[in-house]
Protein chains: 2
Amino acid sequence: MEENKHVTIYDIAEKLNLATSTISRALKDHHSISDKTIKKVKKAAKEMGFVPNTLAAGLRGNKTKTIGVLIPTVTQPFLSSLISGIEITAQKSDYSVIIMQSHDSYAEEVNMAKSLYSNRVSGVICSLAMETRDTAHFEQFSNNNIPLVFVDRVPKDYNTFRVVIDNYSAGYKATKHLIEQGCLRIAHLTAGAEFGNLYNERKRGYMEALRDHNLPIIEELIVDLKSVTYGDGVKASNKLFDLKPIPDGIFASGDIIAASAVQTAKKRGIKVPEELAVIGFNNDPISEIIDPNLSTITHPAEKMGKAAAEIIIKNLKSLKESEVQEITFLNTEVLIRESSDRK
Amino acid sequence: MEENKHVTIYDIAEKLNLATSTISRALKDHHSISDKTIKKVKKAAKEMGFVPNTLAAGLRGNKTKTIGVLIPTVTQPFLSSLISGIEITAQKSDYSVIIMQSHDSYAEEVNMAKSLYSNRVSGVICSLAMETRDTAHFEQFSNNNIPLVFVDRVPKDYNTFRVVIDNYSAGYKATKHLIEQGCLRIAHLTAGAEFGNLYNERKRGYMEALRDHNLPIIEELIVDLKSVTYGDGVKASNKLFDLKPIPDGIFASGDIIAASAVQTAKKRGIKVPEELAVIGFNNDPISEIIDPNLSTITHPAEKMGKAAAEIIIKNLKSLKESEVQEITFLNTEVLIRESSDRK
DNA sequence: AAAAATTGCACAACCGGTTGTGTGTTGTTG
DNA sequence: CAACAACACACAACCGGTTGTGCAATTTTT
C-alpha cells in the first residue's frame with residue numbers, strides 16, 4: 001500500500017506547465033481564463049484525483065463554507081429534524097455542517113463554541129443548553145462578524161437572529177382545545193419552566209387560556225419535571241393521578257411526557273380520552289405510534305432548520321453590517337388525534 | 001460594533017517581544033521553553049482572548065484532530081447513540097467530531113466522503129448507506145493513511161477496521177427465544193435482506209434456528225420491507241395477519257417494525273403475547289414505551305461508538321503501518337419483556 | 001578555567017489554495 | 001497602421017500556526 005501524497009494544484013500546474021493561480025482560477029470558472037485552459041485543467045484535476053484542501057482555502061480566505069450547529073443533543077426528534085432542515089439548505093449552497101452537542105451542559109457549550117470559533121465556521125446555529133444562563137461565549141461570533149442564529153431555545157436579551165415559534169400562543173391553543181373538549185380540571189406537565197424560556201411561555205399560554213375561560217389555576221395541577229424523560233413523566237403522572245379528583249385533561253409540554261401520561265393512565269385504568277384528554281407538543285414520531293394516538297402541537301422543526309440556514313447564508317453573501325436583527329416566527333397547529341378527541 | 005480581528009500568536013509575540021515560535025511552543029508546554037515564559041505567554045494569551053486557528057495548524061501539520069462521521073441519518077436512535085459514544089471518547093482526547101448524513105443515498109455518501117477528505121479529517125467512522133454497493137470512494141482514506149472504521153453496516157470485502165455485532169447469532173438467539181415460548185409458526189420481518197448485509201445475517205440466524213429445531217421455513221412468513229418505517233411495518237404486518245393461520249410469533253429486524261406489528265395486532269384483536277409473541281431488535285426507546293413492552297435484542301450503540309473512536313485515536317497515535325486490520329465484535333443480549341413473555 | 005552540555009529563544013521555511021498586480025499577446029478601432 | 005482595449009496567464013505575497021536548525025547565554029563537567 002503506497003502512501004500517496006495528496007494531489008495539490010501545484011502538481012496540476014507542473015504537469016500542465018501553468019501557474020498555480022491559473023489552476024485555481026480555472027477550477028472555479030474564473031472569467032479571465034480561457035475555456036480551453038479551463039477544460040484542460042479540469043480534465044487533469046479529475047484524472048489526477050485532485051481534491052481541494054479546505055483548510056488552505058479557509059485559512060487564506062478566513063471563511064470555510066461551514067455552518068456550525070450547537071445543540072443539546074441529536075437524539076431528540078425535534079433536534080434531529082432541525083439538523084435535517086439545516087443540512088438540506090446548506091447542501092444547496094455547498095456548505096458543510098459541523099454538529100456539536102452540549103448535552104445541556106453550560107460548560108460543554110462554552111467549550112464547543114470555542115471549538116467552532118477555532119474552526120472558523122462561517123456561521124453558527126444554536127439551540128441553548130438547559131443550563132445556560134448567560135451568553136458571553138457567543139460574543140466571539142458577533143464580534144467577528146460571524147452570523148449567529150438561535151433556534152427554539154433562544155436567549156431573551158441577546159441581540160441577534162432568532163427562529164422560533166410562538167410558544168405562548170401554542171400553549172394557549174393546546175389548552176383551549178382541551179377546554180373545548182369539555183375539560184374543567186386541566187393539568188400541565190412542563191420542565192424547567194421557572195427559567196424564562198420556551199416552557200415558561202407555554203405555561204403562560206396555558207394559564208391565560210384558563211383565565212379567559214373562567215377556569216381556576218390550581219397549583220397542584222402544574223408539575224415541573226426535572227428532565228424531559230419518560231421516567232420522570234411517569235412519576236409526575238402518578239403524582240397527578242394520586243390527586244382526588246384526578247385531572248380530566250393534561251397539556252404536556254412534550255410528546256414523551258404526554259406519552260408517559262397516556263401509558264400511566266391506561267395502567268391505572270383511566271380511560272383516554274373519555275376520562276382524561278391528553279395533548280402533547282412537538283409531533284414526535286411516537287405520537288403516531290402509541291395507542292391511543294397522541295394529539296399534539298406541530299413544531300416545524302425542519303422548516304426552522306431551513307430558515308436558520310437561509311439566514312446564515314444570506315447574511316454571508318451580503319454582509320450589511322447594520323441590518324436589523326430579526327425574529328422569524330414559524331407557525332404551529334393543533335393536531336387533533338385520539339388522545340383528546342371526545343367528538 | 002467594532003470588527004475585532006482574530007487574535008493571533010503574532011499579536012502575542014509582538015506584545016511580549018518574543019518570537020512566534022516561542023509563543024507556539026509555550027502554549028503547548030514544550031520543554032525547551034522556560035516555565036517563566038510559559039506562564040507569561042499563557043497569561044497574555046488569555047487576556048488577549050487568543051483562540052488558535054485550527055485551520056492553520058491543520059494545514060501545516062496535515063492533521064486536524066477531527067473525526068469524520070458518515071452515517072445514513074442522525075434520527076435513528078441507534079445511530080444517535082452511536083454518535084454519543086463517539087463524541088464521549090473523542091472529547092477525552094480533545095478531538096472534534098464532524099457529522100455528515102448520507103440519507104442512505106450512494107451519491108450523497110460519495111460526495112460527503114469527498115468533503116470529509118477535503119476537510120482533512122484525521123479519521124473516519126462510517127456506517128454505509130443502504131444503497132451503497134461499492135466502496136471505491138473510501139480508498140482516498142486508506143491510500144492516505146487516514147484510519148477508517150466501519151460500524152454496523154460494514155462492507156464485506158474491504159480490508160479495514162470494523163466494529164460490529166454478530167448479527168447471525170443475534171438472529172438465532174431471537175428466534176430461539178420465540179421457539180422456547182412455544183411458537184411454531186414464526187414470521188420474520190426484515191428490510192433489504194437480499195443484499196449481503198446485516199439484515200441478511202439476521203435472517204440467516206432466523207432460518208438456522210428454525211432448522212435446528214425442526215421447524216419448516218415458510219416463504220410467505222418472511223416479508224422483506226422496502227424501508228424501515230412504521231408505515232411499511234403496518235403494511236407488512238397486515239399481510240401476515242391476512243394469512244390463515246396467522247403466525248404465532250414474529251421476529252422483526254428492528255423495533256419500529258416490531259412496534260408496528262404489535263400495534264397492528266392489537267387493532268385486529270390479536271392478543272400479544274398470548275396469540276402472537278413479538279421480538280424486535282435494537283432496544284430503541286420506543287420498545288419500553290409501547291404497551292405491551294417490546295422484547296428485543298440489545299444493540300450496544302454507545303459502546304460501538306466508543307470502540308470505533310478508540311480505534312481511530314489509537315491508530316493515529318501509533319501508526320504501525322502494517323498492523324492487521326481487525327474486526328471488533330460486541331455482545332448482544334435477548335431482552336425479554338412483555339411482548340414475548342408467555343411465562 | 002577551559003571545554004562541553006544544556007537551556008532559552010529567534011529565524012525562516014513550510015502547508016496549499018487565493019488574489020492583487022504585472023506582462024506579453026491578440027484583437028479592435030479611428 | 002498606430003493606439004488602445006481585452007485577453008490569458010505568471011508572479012508573489014498572504015493566511016496563521018508548526019517545527020528543524022542555529023546561536024548565544026548559562027550551567028555543568030573535567
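On a predicted model such as this, the values are computed, not experimentally measured, just so you know. Labels below follow one simple rule: chain letters A, B, ... track the order of the sequence lines, proteins then strands, and each chain is numbered from 1.
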- Task: Walk me through it: do B:Thr64 and B:Tyr95 pass the test side-chain hydrogen bond (donor to acceptor under 3.5 Å, both in side chains)?
- Result: CA-CA 8 Å; B:Thr64 53; B:Tyr95 277 78; over 6 Å; no
Please work out if [X] contacts a base, only the sugar-phosphate, or nothing of the nucleic acid, heavy-atom cut-off 4.0 Å.
X: A:Asn53; value: sugar-phosphate
X: A:Asp11; value: nothing
X: A:Thr54; value: nothing
X: B:Leu18; value: sugar-phosphate

- Task: Choose from C:dG8, D:dG17, C:dG17 the nucleotide whose nearest atom is closest to any side-chain atom of B:Tyr10.
- Result: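 The answer is D:dG17.
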- For the side chain of B:Thr20, counting heavy atoms from C-beta on, which of C:dC9, D:dG16, C:dA12 is nearest?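 Among C:dC9, D:dG16, C:dA12, the one nearest the side chain of B:Thr20 is C:dA12.
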[atom1] of [X] versus [atom2] of [N]: gap in Å, rounded?
X: B:Leu16; N: C:dG8; atom1: CG; atom2: P; answer: 17 Å
X: A:Arg60; N: D:dG17; atom1: CZ; atom2: P; answer: 16 Å
X: B:Glu14; N: D:dG16; atom1: CD; atom2: C1'; answer: 15 Å
X: A:Met48; N: C:dG17; atom1: CE; atom2: P; answer: 11 Å
X: A:Asn62; N: C:dT18; atom1: CG; atom2: P; answer: 14 Å
X: A:Asn144; N: D:dG16; atom1: CG; atom2: P; answer: 11 Å
X: B:Ile9; N: C:dA10; atom1: CD1; atom2: P; answer: 12 Å
X: A:Tyr117; N: D:dG17; atom1: OH; atom2: C1'; answer: 15 Å

- Lys/Arg N to Asp/Glu carboxylate O, B:Arg162 vs B:Asp152, below 4.0 Å: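 Salt bridge absent between B:Arg162 and B:Asp152.
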- Identify, between B:Phe50 and A:Ile38, the residue whose nearest nucleotide on DNA chain D lies closer to the 5' end.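 Of the two residues, A:Ile38 wins.
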- Task: Can you sort out which residues in residues 23-35 of chain A have a heavy atom within less than 4.0 Å of DNA chain D? Ascending by number, please.
- Result: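 Heavy-atom contacts with DNA chain D come from A:Arg25, A:Ser32, A:Ile33, A:Ser34.
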- Main-chain N/O of B:Lys63 paired with B:Ser122 side-chain donor or acceptor, under 3.5 Å: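 Not a single qualifying donor-acceptor pair exists.
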- Please check if the side chain of B:Asn53 supplies one atom and the backbone of B:Leu55 the other of a donor-acceptor pair under 3.5 Å.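 Side chain of B:Asn53 to backbone of B:Leu55, a donor-acceptor pair under 3.5 Å: yes, one is there.
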- Distance-minimising heavy-atom pair for A:Ile86 and A:Val97: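 Closest heavy-atom pair between A:Ile86 and A:Val97: CG2-CG2, 4.1 Å.
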- Task: Consider only side-chain N and O atoms of A:Ser34 and A:Thr37, and report whether a donor and an acceptor are under 3.5 Å apart.
- Result: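 Looking only at side-chain atoms, A:Thr37 and A:Ser34 do form a donor-acceptor pair, the distance falling under 3.5 Å.
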- Please determine, by modelled atom types, if B:Glu302 and B:Ser84 share a side-chain donor-acceptor pair under 3.5 angstrom.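 No pair is found: no donor N or O on one side chain lies under 3.5 Å from an acceptor on the other.
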- Does C:dA10 have OP1 or OP2 sitting under 4.0 Å from an N or O in the side chain of B:Thr22?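 Yes, B:Thr22 has a side-chain N/O under 4.0 Å of OP1/OP2 on C:dA10.
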- Establish, with yes or no, whether the OP1 or OP2 oxygen of C:dA10 is under 4.0 angstrom from a side-chain nitrogen or oxygen of B:Ser21.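 Checking C:dA10 against B:Ser21, no side-chain N or O comes under 4.0 Å of OP1 or OP2.
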